[in-house]
Structures are given as C-alpha cells and as structure tokens.
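Presented below is the structure to which this report refers.
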Amino acid sequence: PRAEDTNRQEQLLLRSLGLSGRPRPAGSHQPRRQVPSALWRMFRRAEKLEALESQPCTVSEYGVRGNIIRYVQDQGRLVSGWSRSCQACLEKHLFFNMSILQPVEVLSLAQLEIKLHWKPLSPVQLLQGTQAVAVSLYKVVRSTLKGANPKANRRLVLSQSVQLQRESTSITMDLTALAESWRKPGSNYGLILELLPLRADPEEFLPFYPGNSLPLQPAFALPLVQASLVAVSLNPNQCRSRRR
Amino acid sequence: RSAIHIPVTPSSVCKARRLYISFKDVGWQDWVIAPQGFMANYCHGECPFPLSESLNGTNHAILQTLVHSLDPENTPQPCCVPIRLSSISMLYYDNNDNVVLQHYQDMVVDECGCR
C-alpha cells in the first residue's frame, strides 16, 4: 500500500508538471540524444532570470510567450532511391510528432532547423566539387500509397539554394502554422526534404545516391541531415498571472 | 477569559526551512537532465499568539490565534504555509526522447506565513 501511495503521489506531481507519466529511461542499445547547445544556453539564462522573476513565461530568445521549449526529434526516414523524378537528389522524409503537445497548450512558435553535415571526399573535391545545394521542402498532404506518384501528394513550401560551409550548414524556417495543423489527429504526413547538389561542371555531377548504372558511392559522400523542430508552447495552467 | 500566552522559542516559529530535493533520490535521474536537484524548502513552525509582523499573518490568522489562545481545545492555530514561491526551469527528456526545457512556477518556497 505504501508503494501504491508513493506512485499515486508521483503521478499527481508529474501531472501537475504536464507529464502523463514518468518518461522512460533511455534504451541501453541507443545513446540518448545530445542536448542542443542553444537549449543549454537558454536553461542557464533561465536560471539567472528566475532569481529576478522578470518576464516569466516569455521566451525572449524567440520573442514569444511560452513556458515549454521542445526540440522535437525528426522521426522520418531517408528515402534514398524512392524518387523517380530526381535520381540525383537526396530525399529525406521529415516527421515531427506534434501529438506530444497537450491540448491545453498554445503553440507560439515552431521553427524548423535543418543541419547539413558535409564531408567532401578530398580537399580537391572541396575546391572543385559541390559548393551549393538546391534545397526544396515539400509538405506531404496525403498518405502516399505504394506505386502512386508521390509528387502528386506534396506541396512546395521552400525552395532555395544554400552555399555549403566547410563542415555544416544550417537552414531555419518558421513552420508555426503548419505545425499547428499537424496537431489535429490524422493530419500529419510530414515533410519531404530534397537536396540537389549544384556544380559548376555538370559532367562532374556526383549523385548523392547511385542510379542504376553507377557504382555505390562511399557513405561519407552523403551529407548527414539532422532536423529538429523547435516548438515553443504556453500551458496557461502553468503560467498564471502573479496578480491574484 | 484572558488569553493564555505560551512562550515560543524562535526555532519553533513558522518559517521557511531548508529542503534540497535531489532528483536522484526520487528516481528521476534517468530523464531529468538539469538541474540535478534544487533547494525547494518548506514551511514549518507554530503560529503563536500574539502573531508578530514577521509571521506575515492575515487579519483572519490574527483573530484565529486570539481565539486559539482562549480556547485551544476547539480552535487550532493558523497554518504555517508558503506565501511566496518562485519558479525553476527543468531540462528533461520526454517519452519520445525529445529534449524539453520547461519553466515551472511555484517550485521553491521563498517565504512562509501564518494563514
């Protein structure tokens, strides 16, 4: 009975903290995700501000109201070879589970952060090879059935060319309205990120993944794509006014 | 009836006491990233008659101590409770392994009073 009481008390407290239960510990087979440095900075800053109690429930880093900042992990898969329309592209399906937000929470901001970690094959390649990529981001509007034309189910939301930096390149984009629409059950089909390398000499074109006639490229020729959705939300129950 | 004045030593008077909550002690170290713990404090002590100003009593609490001093059997002393709390931020992993920074109000007792 004592253990039951303890569990009940813990559940009450976790619920008041906005959690449905104690989050499960990390799996032994998989290392835990690193804490983004930006989030560490915000945490340190919040610790200092709490002593002053200035502007509670405002995230000054993003200029919005909120008391919860989540780095929502991408759960999409690499769709290498899936596209029939763009054999030279790297395609990545991005999926951010927005159902983790409680219904009471008001979403103030959802910012997509994409990091491309690029390792050229050799220093010479860095000089002569890819210097920019065309980035296209599509919203998937319907579930894609096998055999169906995937292009029919997507809508372009971003198209730009990005200069590649030596080690990593970042792209950020405001997706608040789209992320809000993903909160409705059954409405989140994610995004498709398409990367097409841009080269000065088309003859030297090196696809990210091979076509039928090309040998398999070494894995390190692929840029590593890391995507996070920074979601700032406000739980009004946890941000009462000080004047009562 | 005359009020019974029971002397109260300063240590037993209502005030904030130090309480450090370690997330390891409550078994939350697997998912709370930072802080490892925090000074939550708690309120403890008596609210004796006469209520001094330092005990932050409400008018009601002052009257209750007066009635308690006259009739201690049937009227309890006011309660020693938190009257000013402050917030903390917590960095943790949720069930989907997302990293979350959340601001929580009313986590630290800064001041106690008789209510």
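A note on names: the letters A, B, ... follow the listed sequences, proteins ahead of strands, and every chain is numbered from 1.
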Worksheet entry | Arg18(B) CZ: over 12 foreign heavy atoms closer than 6.0 Å | no
Item to complete: Please name the pair of heavy atoms, one in Asn96(B) and one in Gln73(A), separated by the smallest distance, quoted to 0.1 Å.
Response: O-NE2, 3.5 Å
Discussion item. Measuring only between side-chain heavy atoms, which start at C-beta, is Ile69(A) closer than 4.5 Å to Val100(B)?
Written reply: no
Worksheet item: Tell me, side chain or backbone of Tyr93(B) under 4.5 Å from chain A's heavy atoms, or both, or neither?
Response: both
Worksheet item: What option among Val72(A), Val232(A), Asn235(A) has the most heavy-atom pairs under 4.5 Å with chain B?
Response: Val72(A)
Response to the item:
Scored by heavy-atom pairs under 4.5 Å with chain A, the best of Val32(B), Ile33(B), Ile88(B), Asp110(B) is Ile88(B)
Item to complete: Identify which of Gln75(A), Gln34(A), Arg22(A) forms the greatest number of heavy-atom pairs closer than 4.5 Å to chain B.
Response: Arg22(A)
Worksheet entry | Most chain A-contacting option - heavy-atom pairs closer than 4.5 Å, from Val26(B), Val108(B), Leu91(B) | Leu91(B)
Worksheet item: What do you reckon, is CD of Glu111(B) surrounded by more than 12 foreign heavy atoms closer than 6.0 Å?
Response: yes
Worksheet item: Checking Leu234(A) against chain B: side chain, backbone, both or neither under 4.5 Å from a heavy atom?
Response: neither
Practice prompt. Let me know if Leu17(A) has heavy atoms under 4.5 Å from chain B in its side chain, its backbone, both or neither.
Written response: both
Practice prompt. Measure the NE2-SG distance between His103(B) and Cys57(A) for me, rounded to the nearest 0.5 Å.
Written response: 4.5 Å
Practice prompt. Against chain B, label Leu229(A) side chain, backbone, both or neither, depending on which of its atoms sit under 4.5 Å from a heavy atom there.
Written response: neither
Fill in: Donor-acceptor contact below 3.5 Å, side chain Asn67(A) vs main chain Gln102(B)
no
Worksheet item: Roughly how far apart are Ser20(A) OG and Asn95(B) CG, rounded to 0.5 Å?
Response: 6.0 Å
Worksheet item: What heavy-atom pair brings Leu39(A) and Val99(B) nearest, and what distance separates the two atoms?
Response: CD2-CG1, 3.4 Å
Worksheet item: With chain B, which of Tyr71(A), Phe43(A), Trp40(A) has the greatest number of heavy-atom pairs at distances under 4.5 Å?
Response: Phe43(A)
Discussion item. Please output the residues of residues 168-187 of chain A in contact with chain B, using a heavy-atom cutoff of under 4.5 Å, in numerical order.
Written reply: none
Could you pull out every donor-acceptor pair under 3.5 Å between side chains of residues 94-108 of chain A and any protein atom, sequence neighbours left out?
{"unit_1": "Asn97(A)", "atom_1": "OD1", "unit_2": "Ser99(A)", "atom_2": "N", "d": "3.0"}
{"unit_1": "Asn97(A)", "atom_1": "OD1", "unit_2": "Ser99(A)", "atom_2": "OG", "d": "2.5"}
{"unit_1": "Glu105(A)", "atom_1": "OE1", "unit_2": "Arg70(A)", "atom_2": "NH1", "d": "2.8"}
{"unit_1": "Glu105(A)", "atom_1": "OE1", "unit_2": "Ser233(A)", "atom_2": "OG", "d": "2.6"}
{"unit_1": "Glu105(A)", "atom_1": "OE2", "unit_2": "Arg70(A)", "atom_2": "NH2", "d": "3.1"}
{"unit_1": "Glu105(A)", "atom_1": "OE2", "unit_2": "Gln102(A)", "atom_2": "N", "d": "3.2"}
{"unit_1": "Ser108(A)", "atom_1": "OG", "unit_2": "Arg65(A)", "atom_2": "O", "d": "2.5"}

Practice prompt. Measure the shortest side-chain to side-chain distance between Tyr92(B) and Leu19(A) over non-hydrogen atoms and say whether it is less than 4.5 angstrom.
Written response: yes
Item to complete: Walk me through it: do Glu47(A) and Ser89(B) pass the test side-chain contact (heavy atoms from CB on, under 4.5 Å)?
Response: CA-CA 7 Å; Glu47(A) 275 193 321; Ser89(B) 286; 5.6 Å; no
